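All values below come from the heavy atoms of this structure, side chains included, with hydrogens, waters and symmetry mates left out. Chain naming here is simple, since letters A, B, ... match the order of the sequence lines and numbering starts at 1 in each. Note that this is a predicted model, so its numbers are computed, not measured.
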Amino acid sequence: MVTLLKLTENDKRLIIVLLLLVILVFVIAGYIGILVKKIMDKQGKKMDDLIHDVVVAGVITDRKHLIRFGIKKNHRQLFKDAWLPFSIMAFASFIIILYCIIYQNWNPSFLSDYESTGFNTLFFVFDWKNAPRSTFFGKEIISGWPTLLSKPHFSWKAWGAYLFFPGMIGGALWFLICIQAYIARTIRLFKKSKEVFSKSLENYNVNEVSNTPQNPIQ
Amino acid sequence: MAEFFKTLLKGVIYVVLLPFILLVWVLSAIYCVFIFLYSAIKNMIIFFAGGNPMGDLPEDVKAKKILTERLIQPQPSFIPTAAAPTPAVSVEGSPAPTAESLRPTFVTETSDEVLNRQEEQDQGGDDDGNFTQTY
């Protein structure tokens with residue numbers, strides 16, 4: 001018998017560990033997906049609220065009209081949801097422009113300055129470029145902690161960055177949630193527009209109906 | 001165990017579809033930004049023209065009208081008519097209560113009539129102070 005590959009005990013352990021890691025990643029991805037789907041289902045319920053009255057009152061009686069109406073309502077809802085995160089981002093942009101005007105510094109590199117004017121004055125900053133490296137399977141990878149360039153500290157000169165970054169990141173994340181809600185409502189609209197006006201002949205038999213004795217009208 | 005494998009399979013599907021999901025998300029984000037800016041400009045114009053940018057759409061107005069009308073439409077009220085008094089003890093020769101006399105009747109009232117009746121009942125009589133048994 002020809003053995004193509006000989007695995008040592010260590011190799012087998014490594015393969016098992018890698019396999020378990022891959023399974024773990026997929027399971028975590030699965031749970032994240034399930035969570036996102038549940039959140040989107042909840043967000044999509046808002047569409048029911050938006051189109052309920054017109055359907056129940058019989059104002060809209062066909063699918064195309066319902067979709068057109070739903071899209072209009074969805075755009076309005078998006079505006080209602082997104083004006084606040086947009087305002088936050090606009091305010092953050094205004095702050096940074098004001099900062100640039102005050103300090104007459106239009107070079108955006110001041111935002112990444114870890115010594116006095118950047119947002120990363122609040123974090124540990126490492127010298128990753130000059131980190132110790134070793135060769136591993138022909139590739140150079142980092143093999144140790146790099147030197148620390150800066151410790152977290154508060155700098156008054158960085159007030160612009162302190163207001164700009166949280167505002168932009170917070171606003172952008174909030175806006176992403178609004179987009180997710182928008183997508184969820186759109187999906188719900190198309191799903192419901194099919195269901196609401198669908199006619200079903202399930203369990204309907206014309207012979208059974210004609211043979212059923214009708215109750216005389218009292 | 002089956003649940004675990006289901007989750008694992010879903011995870012694999014989500015990982016495979018992740019680039020497409022992200023693509024849809026990014027395209028939606030761009031579309032939403034345009035929609036937001038368009039809505040903002042449109043709403044501003046409507047607002048400065050003296051209108052209500054977040055007011056009801058024509059379909060909403062119609063639906064509200066129909067639903068309100070349905071609420072105040074005359075409801076059939078169940079008012080049992082006074083059945084012929086039947087003696088507690090059966091007396092020979094007295095007529096037995098007919099099915100007709102025992103059957104409750106439905107009287108259709110308009111909303112105004114219902115309101116007037118309720119007012120009279122609240123006041124305990126009519127305008128002249130005479131109490132009248134309506135039914």
Side-chain angles (χ1 to χ4, degrees), chain A residues 20 22-37 40 50-61 65-66 68-87 89-90 172-173 175-187 218, chain B residues 1 3-18 21-44 46-47 52-71 73 99-100 103-106:
Chain A
L20 284 176
V22 169
I23 288 170
L24 187 71
V25 167
F26 283 138
V27 169
I28 289 170
Y31 278 117
I32 290 170
I34 290 166
L35 183 71
V36 170
K37 198 172 172 292
M40 283 181 79
L50 296 175
I51 60 173
H52 174 270
D53 284 1
V54 288
V55 174
V56 169
V59 175
I60 290 176
T61 49
H65 190 184
L66 182 64
R68 261 186 283 131
F69 176 77
I71 288 171
K72 265 188 202 172
K73 294 290 270 188
N74 204 5
H75 287 173
R76 281 172 166 228
Q77 191 61 41
L78 174 73
F79 182 77
K80 270 186 197 171
D81 292 346
W83 77 267
L84 199 54
F86 248 88
S87 304
M89 285 195 281
L173 286 177
F175 185 61
L176 281 178
I177 293 168
C178 295
I179 292 163
Q180 183 182 296
Y182 177 85
I183 296 169
R185 285 195 301 269
T186 309
I187 292 168
Q218 298 284 322
Chain B
M1 200 65 184
E3 198 64 32
F4 174 79
F5 279 112
K6 255 187 196 176
T7 313
L8 182 70
L9 191 69
K10 276 182 185 174
V12 174
I13 292 167
Y14 289 138
V15 169
V16 170
L17 292 179
L18 190 65
I21 293 168
L22 286 178
L23 184 72
V24 170
W25 205 327
V26 169
L27 290 176
S28 302
I30 296 164
Y31 176 70
C32 284
V33 169
F34 279 111
I35 288 294
F36 180 83
L37 294 175
Y38 170 74
S39 302
I41 294 164
K42 192 176 134 193
N43 290 348
M44 242 189 281
I46 293 171
F47 179 76
N52 179 10
M54 286 292 151
D56 288 336
L57 292 172
E59 287 93 341
D60 284 322
V61 176
K62 268 188 198 172
K64 269 185 189 173
K65 202 178 162 189
I66 290 168
L67 292 176
T68 315
E69 273 171 10
R70 265 188 211 173
L71 274 176
Q73 243 180 9
E100 192 61 39
R103 184 182 295 163
T105 56
F106 292 91

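With a threshold of 4.5 angstrom between heavy atoms, Val15(B) approaches chain A through side-chain atoms but not through N, CA, C or O. The contact between Tyr31(B) and chain A is made entirely by side chain atoms (from C-beta outward), counting heavy-atom distances below 4.5 Å. At a 4.5 Å heavy-atom cutoff, the contact between Tyr14(B) and chain A is made by side-chain atoms alone. Of the atoms belonging to Val25(A), not a single heavy atom falls under 4.5 Å from chain B. In this structure, chain B has no heavy atom under 4.5 Å from any part of Ile28(A).
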Would Asp53(A) and Asp60(B) count as a side chain to side chain contact (heavy atoms under 4.5 Å, CB included) if you check the C-alpha gap in whole Å, the side-chain angles of each, and the deciding distance to 0.1 Å?
CA-CA 7 Å; Asp53(A) 284 1; Asp60(B) 284 322; 5.5 Å; no
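Separation of atoms CG (Leu57(B)) and CZ (Arg68(A)) is listed at 12.5 Å; rounding is to 0.5 Å. Note that SG of Cys32(B) is 9.0 Å distant from CZ of Phe86(A), once rounded to the nearest 0.5 Å. In this structure, NZ on Lys62(B) lies 9.5 Å from CD1 on Ile60(A), to the nearest 0.5 angstrom.
Across Val24(B), Leu9(B), Leu18(B), Val12(B), the residue that shares the most heavy-atom pairs under 4.5 angstrom with chain A is Val12(B). Ranked by heavy-atom pairs shorter than 4.5 Å toward chain A, the options Ile35(B), Ile66(B), Asn43(B) are led by Ile35(B). Chosen from Ala57(A), Gly58(A), Ala82(A), Ala29(A), the residue pairing most often with chain B at heavy-atom distances under 4.5 Å is Ala57(A).
Closest non-hydrogen pair, Thr7(B) versus Val27(A), comes out as CG2-O, 3.9 Å.
Judged by distance alone, the side chain of Arg76(A) and the main-chain N or O of Gly55(B) form a donor-acceptor pair under 3.5 Å.
For the ring-ring contact (aromatic ring centres under 6.0 Å, His included) with Phe79(A), the lone residue among Phe36(B), Phe34(B), Tyr38(B) that qualifies is Phe36(B).
Residues satisfying the salt bridge (Lys or Arg N to Asp or Glu O under 4.0 Å) criterion with Lys72(A), sequence neighbours excluded, are absent altogether.
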Let me check something: any side-chain donor-acceptor pairs from residues 179-186 of chain A under 3.5 Å, sequence neighbours excluded? List them with distances.
unit_1, atom_1, unit_2, atom_2, d
Gln180(A), NE2, Gln43(A), OE1, 3.1
Tyr182(A), OH, His75(A), NE2, 3.2
Arg185(A), NE, Asn74(A), OD1, 2.5
Arg185(A), NH1, Asp81(A), OD2, 3.4
Arg185(A), NH2, Asn74(A), OD1, 3.1
Thr186(A), OG1, Asn74(A), ND2, 3.0
Thr186(A), OG1, Tyr182(A), O, 2.7

